Amino acid sequence: MTDTRRPATNANPSDAPSYRYDAKLANAIEAKWHDRWDEEHTFWAPNPTGLLSEGFERVADEPKLYVLDMFPYPSGAGLHVGHPLGYIATDVYARFQRMAGRNVLHAMGYDAFGLPAEQYAVQTGQHPRVTTEANIATMRRQLRALGLGHDSRRSIATTDVSYYRWTQWIFLQIFDSWYDQEADRARPIAELVAELESGARDAAPSTDGRPWSELDDVERRRVVDGFRLAYIAEAPVNWCPALGTVLANEEVTSEGRSERGNHPVFKRPLKQWMLRITAYAERLLADLDMLDWTDSIKQMQRNWIGRSEGARVRFPVVNHEGLDIEVFTTRPDTLFGATYMVLAPEHPLVDEIIPVDWPGGEQFDEWLETPAAWRGVFGADVSPTEAVTKYRRFATAKSDVERQVETREKTGVFTGAFAFNPTNDQPIPIFVADYVLMGYGTGAIMAVPAHDERDFEFARELEIPIVGVVRPPDEWLEARSLTPDVPAAEWPEPFVGDGVGMNSTNDQVSLDGLDTPAAKRAIGEWLRTSGYGEPTVNYKLRDWLFSRQRYWGEPFPIVYDETGLPVALPESMLPVELPEIGDFEPRIQAEDDDSVPEPPLARADGWATVELDLGDGPKPYVRELNTMPQWAGSCWYYLRYLDPTNEDRMVDPAVERYWMQSRRADGAPAAGGVDLYVGGVEHAVLHLLYARFWHKVLFDLGYVSTPEPFQRLFNQGMIQAYAYADDRGVYVEAADVEQRDGGYFAGTIPVTRLYGKMGKSLRNAVTPDEIYRDYGADTLRLYEMFMGPLDQSRPWNTADIIGVHRFLQRLWRIVVDEDTGAVRVSSDPADEETRKLLHRTIAAVRDDMATMSFNTAIAALFTFNNHLWRVVEERGAAPAEAVESLILMVAPLAPHVGEELWERIGHTTSLTYVPYPAADPALLVDEQVEIPVQLNGKVRAHVHVAPDADEAATEAAARADARVGELLAGKTVRKVVVVPGRLVNFVVG
RNA sequence: GCCCGGAUGGCGGAAUCGGCAGACGCGACCGACUCAAAAUCGGUUGCCGCGAGGCGUGUGGGUUCGAGUCCCACUCCGGGCACCA
């Protein structure tokens, strides 16, 4: 196999026929049609109203279709052939749907804010705007060459001031909203203020019990700010010193490194903007059911949201009247078995509960002396405070990477304090251990070692009592050679499944004998009545950390007054333009530097502070100096495509309704507005979760009409490629590798073949430009669609391209004489065979195009193309009806050749809106079908029958066949299975 | 560890409901054209076997007249999550 050798398609062009479809001709045709489409505004999709409504009457009766790509980040690296796969697919689909009578909206924009542009700008010393615009121009040119049918009027970049003005506007809507739990939706903050003022809502829970009327202005603002969907919080955040910025949880890998750049990330407390995505956890989870997404993506979102049902339980701290430690547990039924508690090292209550000395003596009967192991490994003479302090230092010094790599041996230290197990008032010790995470639940747990792996391990380590409160099923015990009377402390491992309650009775409640679900209900009831807790639902999802210490992002439309509290700028002051500064470099910090990071915008002289009149006279204000994360702009671009020139609104409501009110395949109203969204699986949680969240806020506030943005999501696979490394493991340029003598060689150096992502790092990138040069864009399009199913990853193999190129050559040759350039199409009617094959092809291709099975659509077109070529060879020309249909069917896949041939056979207008061929059902049925005859399930003969022959007729036809007669001679037929139209099977003895 | 997805010729891949495995393309082989080669065109091509025939969809079992497709148990590969109480 010679993957990398370029077939000499045009090796000797001077010798080839003058009018052959080769790369040179293809390039000329393609350039011509790009210009024509631009001039004729071929792909402009009219809106029902507004500036882009010209020509709407033409499509007023057509159903709309909104096809969307995940818009690209315009990187400086340029494209390789893997990048446009999804764009080609959506273009083929959109072109097909236009011909099938839909008003199709398909546009392309650029997600242009963000880290890489800024880093590149820093490296080259140029302003990020300059490099970004250059990158966009390059990418536009490369994508234009593919002939993508986008409505160019709707192209936006998130960095356009006219775009991010509305990103800022949306942020203001989020800032000016709160989540009404009873109504289960976001509402304007003004309505909350009204409720607080009228007394309809009690401010007390957030003000130490003081009523609204007794609060001063600043206190009132604090209360209201505490409700907002966008709020400032001092919280442990992901700090990436190497990038000089904080990151969202979603941007940190499981190895505790930044997704961009793979730098270490540390937790540190910082004051940052947060968006209250957690308020939407349940809806983000539940509404997944309405979407046509793959199960795996839905599952990834479900896992990220991480819903679990359980209970909150409050444990009173011994000797601290009124102080409770609240925990979340999914197994409240094991509460009687809680023999200790654990707080996360960062838990705020740790400092409050630590006693001066280790408990001992008469203090507690059970704990005559604090065991040495509980005091930590820091020496026997340290105090509880010292032990905990040292342990905390030990825990935080471990980076997330180390926590990951280590064998997860449980470590921890006793705080010296106790809490009462509320079921029996027994004091249980409270530990600090880093196996409990501050970021989940309440940052504290009740530990039930008999029924939890981690607690069991920890309890074994520190010799803490293990009390079984769930009797395992007999099989579990038998598998471990245990009997029911063996105490849990002697089990080899904890029992974590469902069983039957035991040792769980007090004066008020008994779980003994109850199965686990019943026990959960009973203890939930008891918690509620006793006041110790209540059943609840907990989510892994955290609020979205929304500020970044970067230059190249959207400025917040926020200023701070003398109180230090945030003030939203009025809509009339938008946009807040990104100021020009000389030095946009982030301040990179050392890993141990814990000074407050300085955002680049702090260096914007004359901008960072500003005098404004926000209604109470001119006053000095300090601007918010952080910028928004890259995800902000990508959260709503699909809405701006709808109405990109609207200066008064984010999107006109009538336009929004027109494009976003959708129906599902079965005709039912869809939850999401975008009919088809195609993109890579890498955005499964980040972008797709954030965009759904923003959409739901906008839905609650009445700015969009659907609860979800994207009805159908399609994840295209990745184009991968072989890569080659020498014996040092260094990658060599894949294009230079040859296969010979059963091995691979770069020159004379033997190399080994590997397989992976296409790109610079593996030195195996193939660029679209080289494929245009050697074959043309239509060949590239066709090849990418023919490689395999769109949702699968598949290897690029340049050698295979020749196949689809030959297809186009043959198609061309059917219509155009290669030597003379003359068009040859016969006006004679097509023969029977051709017509039947044509209509069968139409039926198959239409079907496949609608389901995006482009690879099999192309296979069917190959077959028909080959047939028509034989007709041309036999008769000198192919019948016009067949040629026209073939051109129209190929056109969405290879639009330039399609248009050119369409024009050459005599049409003067683009085929973009010509109806896609429809199959005549009468031509799809055969007079005779050949069906197999099996003996004991093995095919032994074939017979011809009418397609509608019934069982008896089919069996009779089979028996009448001479070959079948021979086979059955002398055998006893025990059973005959007849599937009319499919087969006959004789079961013989 | 948990949750998804996948495994079919030399290669990419086809195969509605369980009903002729390998459509279509690449490659390979043979032939036409050519002084020759490339390009182009035509034919052959799952494996074993001269043939009759046999064997074949990751492995082992099962259901069925019939299994790539359904069920059970596994292997390997890819992706996601991971001390989530």
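Just so we're clear, the structure is a prediction, and the values are computed from it rather than from any experiment. A note on names: the letters A, B, ... follow the listed sequences, proteins ahead of strands, and every chain is numbered from 1.
Dashed line: the shortest gap from a side-chain N or O of Arg810(A) to OP1 or OP2 of C41(B) is under 4.0 Å. When the side-chain nitrogen and oxygen atoms of Asn865(A) are compared with OP1 and OP2 of C24(B), none of them lie within a distance under 4.0 Å. Side-chain nitrogen and oxygen atoms of Asn855(A) include none within less than 4.0 Å of the OP1 or OP2 phosphate oxygen of G25(B). Listed pair Arg806(A) / U40(B) meets the phosphate criterion, a side-chain N or O lying under 4.0 Å from OP1 or OP2. Gln809(A) has a side-chain polar atom (N or O) that falls below the 4.0 Å cut-off from OP1 or OP2 of U40(B). Between Arg813(A) and the phosphate of C41(B), there is a side-chain N or O to OP1/OP2 separation shorter than 4.0 Å. Taking only side-chain nitrogens and oxygens, Ser296(A) never comes nearer than 4.0 Å to OP1 or OP2 of G80(B).
Within 4.0 Å (heavy atoms only), Thr294(A) reaches no atom of the nucleic acid at all. As judged by a 4.0 angstrom heavy-atom cut-off over every strand, Arg940(A) is placed among residues touching the sugar-phosphate backbone only. In this structure, Glu818(A) reaches neither bases nor backbone, as no heavy-atom distance under 4.0 Å exists between it and the strands shown.
No side-chain N or O of Ser308(A) forms a donor-acceptor pair with one of Asn538(A) less than 3.5 Å apart.
A cation-pi contact, defined as under 6.0 Å to the ring centre and within 45° of the axis, is absent between Lys410(A) and Phe458(A).
Summarising the base pairing, G10(B) is matched to C26(B) through a Watson-Crick or G-U wobble pair whose two defining distances lie under 3.5 Å.
The heavy-atom pair separating Tyr722(A) from Asn764(A) by the smallest distance is O-CB, 3.2 Å.
The side chain of Asn985(A) lies closest to C65(B), out of A23(B), U40(B), C65(B). Proximity note for Ala799(A) (side chain, C-beta onward) versus C26(B), A85(B), C83(B): the nearest is C26(B).
In this structure, CG on Asn985(A) lies 7.5 Å from CG on Leu935(A), to the nearest 0.5 angstrom.
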